[in-house]
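Inspection log for the structure reproduced underneath, given as structure tokens.
Just so you know, these numbers come straight off a predicted model, no measurement behind them. All heavy atoms count here, side chains included; hydrogens, waters and symmetry mates do not.
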Amino acid sequence: MNKSKRLQTIDGESLMSIPLTPLNFVVDTLLSQGLHILAGSPKVGKSWLALWLSVMVAKGESVWGMTVKQGTTLYLCLEDSTLRIQNRLFEITEDAPSNVHFTTQSDILGKGLEEQLCTFLTEHPDTVLVIIDTLQMIRGSNYDNTYANDYRDLSALKRIADTHGIAILLIHHLRKEPADDVFNRISGTTAISGAVDSSFTLVESKRGSGQAVLHCIGRDIEYREIKLKRSEENIWEVVSDSKEERPMKLENRVTFLISEFMKQRTDFIGTPTELSQQIDPAGVEQITPKKVSRLVLQSVDALRKTGISASVRRSNGKRLIELRRADSVDIPGAGESGTCDPAEATGGDLRGFSGEVE
């Protein structure tokens with residue numbers, strides 16, 4: 001059999017013993033690398049939001065209190081003129097950086113756009129975000145709206161995002177018809193929601209009110225609702241965020257608890273049951289033996305920053321978790337952050353991975 005035709009697989013035991021690279025977020029906890037869609041009614045302010053986002057990421061300034069990965073951004077403002085973009089820039093910022101790029105013209109999907117995007121990404125390897133405003137503008141006037149076509153087009157863009165490790169945000173429209181689930185109002189077939197990594201809908205509470213809710217759902221983010229208010233400078237500002245009302249993510253809490261536990265010892269080798277009993281003896285945190293291995297693997301990078309190396313392995317048929325402090329083993333980069341702040345601890349991401357064994 002031709003080797004190129006063979007499936008590249010990984011067995012379950014190995015998968016549950018290796019730390020995976022943390023997901024790359026352009027806007028922390030909100031916009032990860034991959035393909036995303038932002039849909040809203042006409043004139044609701046989607047383009048203003050997209051423009052502001054492209055500038056903030058290029059500058060490296062936080063978005064609604066969330067840190068960003070600074071880098072080059074590209075905004076395809078295909079429904080606007082250069083004059084309009086200039087006027088809007090003067091409203092939202094005093095100084096636009098040189099690493100945010102704009103274009104009002106591009107080829108369409110399947111007829112040159114993919115090559116144009118790849119060329120730009122090759123010339124600007126530090127690019128982190130591409131915004132396409134709007135999806136309809138890159139499909140041409142004779143586009144046939146079918147499930148297969150929707151999935152094909154979005155898959156082509158997702159391949160580019162995944163290959164280059166960037167986020168691509170598509171600006172799109174909502175249907176006028178009401179729906180129990182706001183994400184069902186996204187125009188097009190269900191292939192659109194199925195092909196993207198995250199969906200965002202910007203819905204005004206009342207037409208022309210300048211107040212809206214950004215509904216967020218995705219493979220790599222928690223569902224959340226961000227209430228926004230449009231300022232006089234046409235910047236969407238946060239009124240409230242449902243995520244702030246939730247407790248600390250469990251993987252962040254585990255990083256803190258392990259860091260506290262390891263303050264009194266140089267190393268630990270034990271089963272998931274033994275570790276969960278040590279860090280959560282009363283079961284208050286609900287860190288069960290079935291969860292703890294996964295949480296440790298998710299937190300390898302965060303633990304390393306606190307001076308602790310972590311690994312999960314099998315020995316004599318048992319799964320063992322091994323923890324070592326920096327002063328007991330040479331850990332490159334360990335101890336750089338000193339202490340562990342439970343509010344700041346972050347870990348890797350294995351979303352979509354549900355295997356849990358003791």
Side-chain angles (χ1 to χ4, degrees), residues 25-32 35-57 61-68 75 77-80 84-85 87-93 129 131-137 167-190 192-194 196-247:
F25 274 86
V26 177
V27 180
D28 190 37
T29 74
L30 185 68
L31 191 68
S32 64
L35 182 65
H36 315 275
I37 196 158
L38 168 61
S41 301
K43 313 303 181 185
V44 72
K46 305 183 298 295
S47 295
W48 283 100
L49 177 55
L51 178 63
W52 176 75
L53 181 62
S54 66
V55 171
M56 296 298 282
V57 171
E61 298 181 3
S62 65
V63 170
W64 301 326
M66 293 170 278
T67 58
V68 304
Y75 182 18
C77 33
L78 305 178
E79 293 186 338
D80 293 312
R84 181 179 295 166
I85 294 300
N87 288 334
R88 289 184 173 184
L89 277 174
F90 275 115
E91 284 205 48
I92 67 171
T93 183
L129 174 65
I131 299 176
I132 300 176
D133 189 356
T134 62
L135 174 59
Q136 190 61 37
M137 293 294 292
I168 296 180
L169 179 63
L170 303 173
I171 309 301
H172 197 41
H173 300 295
L174 290 177
R175 296 190 185 96
K176 293 181 179 179
E177 299 82 7
D180 293 335
D181 186 341
V182 68
F183 297 104
N184 289 336
R185 291 183 57 197
I186 296 175
S187 181
T189 69
T190 55
I192 291 180
S193 296
V196 298
D197 294 296
S198 302
S199 297
F200 304 93
T201 61
L202 186 65
V203 182
E204 277 188 308
S205 54
K206 182 181 178 182
R207 190 67 174 168
S209 66
Q211 298 184 29
V213 177
L214 184 69
H215 302 263
C216 318
I217 193 170
R219 298 187 180 106
D220 304 309
I221 61 173
E222 299 177 17
Y223 175 78
R224 67 201 286 187
E225 296 178 6
I226 305 175
K227 292 184 179 179
L228 302 171
K229 183 176 181 180
R230 199 166 166 179
S231 72
E232 292 182 359
E233 292 79 23
N234 286 300
I235 295 174
W236 286 104
E237 299 173 342
V238 171
V239 176
S240 65
D241 185 348
S242 63
K243 188 176 186 296
E244 296 175 354
E245 302 167 6
R246 299 177 185 176

(request) Using a 4.5 Å cut-off on heavy atoms from C-beta on, say whether the side chain of Leu170 contacts that of Leu38. (result) no

(message) By the definition side chain to side chain contact (heavy atoms under 4.5 Å, CB included), identify the one residue from Asp241, Val213, Leu202, Val239 that meets it with Ile226.
(response) Asp241

(request) Would you give the length of the straight line joining atom CD of Glu225 to atom OG1 of Thr201, rounded to the nearest 0.5 angstrom? (result) 8.5 Å

(request) Rounded to the nearest 0.5 Å, what's the gap from OG on Ser242 to CZ on Arg224? Could you check? (result) 6.5 Å

(message) Can you tell me which residue among Ile132, Ile168, Val196 is in a side chain to side chain contact (heavy atoms under 4.5 Å, CB included) with Ile37?
(response) Val196

(message) So, taking the atom named OG1 in Thr29 and the one named CD1 in Ile221, what distance separates them when rounded to the nearest 0.5 Å?
(response) 8.0 Å

(request) Please test Val63 against Trp52 for side-chain contact (heavy atoms from CB on, under 4.5 Å), starting from the C-alpha separation and ending with a verdict. (result) CA-CA 9 Å; Val63 170; Trp52 176 75; 3.8 Å; yes

(message) Quick check: closest heavy atoms across Glu79 and Arg84, and the distance to 0.1 Å?
(response) O-NH1, 3.6 Å

(message) To the closest 0.5 Å, what do you measure between CG (Asp28) and CE (Met66)?
(response) 8.0 Å

(message) Contact between Val68 and Val26 at the side-chain level, heavy atoms closer than 4.5 Å - yes or no?
(response) no

(request) Would you mind reporting whether Arg88 and Asp80 have side-chain heavy atoms less than 4.5 Å apart? (result) yes

(request) Decide yes or no on side-chain contact (heavy atoms from CB on, under 4.5 Å) for Leu53 and Leu31, but give the supporting numbers first. (result) CA-CA 11 Å; Leu53 181 62; Leu31 191 68; 4.3 Å; yes

(request) Check Ile186, Ile171, Leu30, Leu49 against Phe200 for a side chain to side chain contact (heavy atoms under 4.5 Å, CB included) and give me the one that passes. (result) Leu30

(request) Would you indicate whether the side-chain heavy atoms of Val55 and Tyr75 approach each other to under 4.5 Å? (result) no

(request) Identify the heavy atoms of Ile131 and Ala50 that sit nearest to each other, and give their distance. (result) CD1-O, 3.3 Å

(request) Please report the shortest heavy-atom distance between Ser54 and Leu129, naming the atom on each side. (result) CA-CD2, 4.4 Å

(message) With heavy-atom distances below 4.5 Å as the criterion, would you say the side chains of Trp236 and Leu214 are in contact?
(response) no

(request) For the pair Arg185 (side chain) and His173 (backbone), establish whether a donor and an acceptor sit closer than 3.5 Å, ignoring hydrogens and angles. (result) no

(message) Measuring only between side-chain heavy atoms, which start at C-beta, is Met56 closer than 4.5 Å to Val27?
(response) no

(request) Indicate the atoms forming the closest heavy-atom contact of Ser187 with His172, along with that distance. (result) O-NE2, 2.7 Å

(message) Tell me whether the rings of Tyr223 and Phe183 are parallel (<30°), tilted (30 to 60°) or perpendicular (>60°).
(response) perpendicular

(message) Could you measure the distance from the CZ atom of Arg230 to the CD atom of Gln211? Nearest 0.5 Å is fine.
(response) 12.5 Å

(request) Apply side-chain contact (heavy atoms from CB on, under 4.5 Å) to the pair Leu169 and His36, showing each step before the final yes or no. (result) CA-CA 5 Å; Leu169 179 63; His36 315 275; 3.8 Å; yes

(message) Measuring from atom CG of Asp133 to atom CD of Gln136, what distance do you get when rounded to the nearest 0.5 angstrom?
(response) 12.5 Å

Scan the side chains in residues 39-46 for donor-acceptor partners under 3.5 Å anywhere in the protein, sequence neighbours excluded, and list what turns up.
unit_1 : atom_1 : unit_2 : atom_2 : d
Lys46  : NZ     : Gly40  : O      : 3.4
Lys46  : NZ     : Ser41  : O      : 3.0

(message) Donor-acceptor pair, distance only, cut-off 3.5 Å: does the side chain of Ser193 make one with the backbone of Thr190?
(response) no

(message) For a 4.5 angstrom cut-off between non-hydrogen side-chain atoms, does Cys77 reach Leu51?
(response) no

(message) Contact between Thr67 and Phe25 at the side-chain level, heavy atoms closer than 4.5 Å - yes or no?
(response) no

